2 protein chains.
Amino acid sequence: MPRPRSLSHAQLASAALAVIDRDGLAGLSMRSVAKELGMSTMALYRYVDDREELERLVVDLVLGTVDTVPPGPEAPWHDRIEVLVRRLRDAVAAHPEIVPLTVAHRHRSLAGLRWSESVLGVLTEAGFDGDRRVVALRGLLGYVIGAIQLEHLGPLSGEGTVAITELPPDAFPHMTETARHARKVSADREFLGGLALLLRGLGT
Amino acid sequence: MPRPRSLSHAQLASAALAVIDRDGLAGLSMRSVAKELGMSTMALYRYVDDREELERLVVDLVLGTVDTVPPGPEAPWHDRIEVLVRRLRDAVAAHPEIVPLTVAHRHRSLAGLRWSESVLGVLTEAGFDGDRRVVALRGLLGYVIGAIQLEHLGPLSGEGTVAITELPPDAFPHMTETARHARKVSADREFLGGLALLLRGLGT
DNA sequence: ACCTGAACACCGTTCAAGT
DNA sequence: ACCTGAACACCGTTCAAGT
């Protein structure tokens with residue numbers, strides 16, 4: 001008598017995310033997730049091809065919480081895009097340890113693709129098409145991915161800055177001075193400021 | 001009689017890079033590098049604290065080839081920055097497998113910091129200071145890091161696009177259309193186009 | 001001082017076996 | 001059909017020992 005499948009993909013992803021939130025990304029392994037679920041390690045392979053697919057499930061779980069319905073069409077298009085970017089950033093910020101996973105599995109996550117689709121919708125309504133639309137999406141994706149990583153890897157305004165402040169000032173005059181100044185710039189201002197530059201560059 | 005140190009940091013880094021170029025980043029291990037050098041695995045720990053430091057040496061080796069002398073001051077500042085960005089991109093493109101390493105060790109690599117110092121120099125000569133300079137550097141770093149990764153991880157114009165073209169067009173109308181269009185956009189145009197947006201946003 | 005080899009505590013995954 | 005445990009081929013790193 002065939003036993004029913006006892007696990008859903010969602011349960012699997014939640015267990016993996018629980019491990020990551022508790023022990024960090026380094027704590028994630030097939031064995032640790034299996035233990036979290038009270039099953040044998042090999043049972044996971046009933047539900048998932050390999051570790052990579054498990055990671056993708058985690059990314060989809062987190063990015064799946066992002067509301068991809070574009071905000072009201074009465075707002076200027078650059079404000080609408082900023083809202084979409086903020087939602088993505090906030091979702092990742094709730095689980096900063098998954099940043100490397102989002103990067104690695106970006107183009108295979110359905111939730112991530114849905115977000116891009118939504119951004120493209122706004123761009124299209126704003127009149128972007130052809131090469132310009134490709135470059136706009138690519139530019140936004142590049143910035144968002146890079147900036148989110150910087151933010152959780154020692155941004156110019158965070159702990160990384162302290163190390164930079166202690167560099168030899170004669171070899172790094174601008175870096176040390178900028179780092180000192182950067183300590184007073186909030187992470188929000190840095191992230192959104194860079195985004196504003198990009199959106200301004202996109203403006204007609 | 002104490003034997004002389006038989007290895008330099010540079011030799012160690014070259015051996016590791018040779019392993020990466022031949023077997024990919026997944027092939028990099030303390031054991032494989034030791035074998036490449038014809039030594040025991042543990043001998044490496046005479047020269048390096050741990051694997052992380054070995055990775056940093058590789059990043060410094062590659063980024064160390066970047067010419068960080070800013071191009072002629074007679075050129076417009078945005079052209080000067082573009083040249084610096086292109087040099088960094090080209091150096092990484094020669095060893096695409098190290099992309100994850102450059103990201104992970106970005107703020108601990110002296111060569112990387114030297115590049116940032118050079119960019120800051122140009123920005124300063126162009127009249128940027130205070131918060132504006134912090135945001136400008138942060139925005140450039142974010143874009144460069146993210147865009148370089150996209151480029152070597154299935155960019156909108158590369159293999160990733162093929163997968164996207166095959167998405168259900170009713171759920172992803174803009175993505176499928178944009179991806180089809182993106183196939184004709186070169187990687188150079190995508191990367192430099194996004195950078196141009198950012199630089200344009202920086203302009204007064 | 002420099003280098004080695006065994007050992008420890010981990011990995012992801014294959015395979016044969018149990019219910 | 002679903003789950004298990006042993007085993008394989010790897011990791012990074014500690015430690016005691018050799019020259």
Side-chain angles (χ1 to χ4, degrees), chain A residues 1-61 97-98 100-105 108, chain B residues 1-61 97-98 100-105 108:
Chain A
M1 176 150 80
R3 286 198 244 168
R5 234 175 167 74
S6 70
L7 239 54
S8 69
H9 272 181
Q11 286 173 290
L12 223 165
S14 306
L17 187 58
V19 170
I20 292 172
D21 286 339
R22 185 180 353 103
D23 302 324
L25 185 56
L28 181 73
S29 71
M30 300 303 277
R31 283 168 173 87
S32 63
V33 173
K35 182 174 280 183
E36 180 78 17
L37 291 163
M39 320 181 65
S40 82
T41 303
M42 294 317 300
L44 300 187
Y45 286 87
R46 287 276 123 202
Y47 302 92
V48 115
D49 274 350
D50 48 23
R51 183 192 160 121
E52 201 188 318
E53 192 181 342
L54 177 64
E55 292 179 351
R56 190 156 39 84
L57 289 179
V58 174
V59 173
D60 264 328
L61 177 65
E97 290 280 330
I98 70 150
L101 301 186
T102 59
V103 175
H105 304 293
R108 258 176 225 120
Chain B
M1 175 148 83
R3 287 198 245 167
R5 233 175 169 74
S6 69
L7 241 53
S8 69
H9 272 184
Q11 286 174 290
L12 222 163
S14 306
L17 187 57
V19 170
I20 292 173
D21 285 339
R22 183 179 356 102
D23 303 324
L25 186 56
L28 181 73
S29 71
M30 300 303 275
R31 282 169 173 87
S32 63
V33 174
K35 182 173 283 184
E36 180 79 17
L37 291 164
M39 321 181 65
S40 82
T41 303
M42 294 316 300
L44 301 187
Y45 287 88
R46 286 276 123 202
Y47 302 92
V48 114
D49 274 350
D50 48 24
R51 183 192 161 119
E52 201 188 317
E53 193 182 343
L54 177 63
E55 292 180 352
R56 190 154 40 84
L57 289 179
V58 174
V59 172
D60 265 328
L61 177 64
E97 290 280 329
I98 70 150
L101 302 186
T102 60
V103 175
H105 303 292
R108 258 176 225 120

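Reminder, nothing fancy here: chain letters follow the sequence lines and each chain counts from 1. Worth knowing before you read on, the calculation uses all heavy atoms, side chains too, and leaves out hydrogens, waters and symmetry mates. Everything numeric in this text was worked out from a predicted model, so none of it was measured.
Taking atom CZ of residue Arg51(B) and atom C1' of nucleotide dC10(C), one finds them 15 Å apart after rounding to whole Å. For Met30(A) and dT4(D), the CE to P distance is 14 Å, given to the nearest whole Å. Taking atom CD of residue Glu52(B) and atom P of nucleotide dG12(D), one finds them 13 Å apart after rounding to whole Å. Atom pair Leu37(B):CG and dT4(C):P shows a separation of 11 Å (rounding to whole Å applied). We find that CG of Leu44(A) is positioned 13 Å from P of dC11(C), with the value rounded to whole Å. Atom CE of Met39(A) is separated from atom P of dC2(D) by 11 Å (rounded to the nearest Å). Across the protein-nucleic acid pair, Leu54(A) atom CG and dC11(C) atom P stand 13 Å apart, rounded to whole Å. Atom CZ in Arg31(B) sits about 11 Å away from atom P in dT13(D), given to the nearest Å.
Once rounded to the nearest 0.5 Å, the distance linking CE of Met42(A) with CZ of Arg31(A) reads 9.0 Å. Remark: His9(A) NE2 to Ser14(A) OG distance equals 12.0 Å, nearest 0.5 Å. To the nearest 0.5 angstrom, Glu55(B) atom CD is 9.0 Å from Asp50(B) atom CG.
Here Arg46(B) lies in heavy-atom contact (under 4.0 Å) with a base.
Within the 4.0 Å cut-off from OP1 or OP2 of dC3(C), not a single side-chain nitrogen or oxygen of Ser40(B) is found. The phosphate of dT14(D) (OP1 or OP2) has no side-chain N or O of Tyr45(B) nearer than 4.0 angstrom. For Ser6(B), a side-chain nitrogen or oxygen approaches OP1 or OP2 of dC3(C) to under 4.0 Å.
With respect to Arg56(B) and Glu52(B), no salt bridge is recorded, no charged nitrogen being found less than 4.0 Å from a carboxylate O.
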| message | Could you go through Tyr45(B) and Ser40(B), starting from their C-alpha distance and side-chain angles, then the distance that decides it, and tell me whether this counts as side chain to side chain contact (heavy atoms under 4.5 Å, CB included)? | response | CA-CA 10 Å; Tyr45(B) 287 88; Ser40(B) 82; over 6 Å; no
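Both Ser32(A) and Met42(A) sit near DNA chain C, but only Ser32(A) has its closest nucleotide nearer the 5' end.
Base pairing of dT19(D) is made with dA1(C), judged by Watson-Crick or G-U wobble geometry with both donor-acceptor distances under 3.5 Å. dT13(D) is paired with dA7(C) under the Watson-Crick or G-U wobble criterion, all donor-acceptor distances under 3.5 Å.
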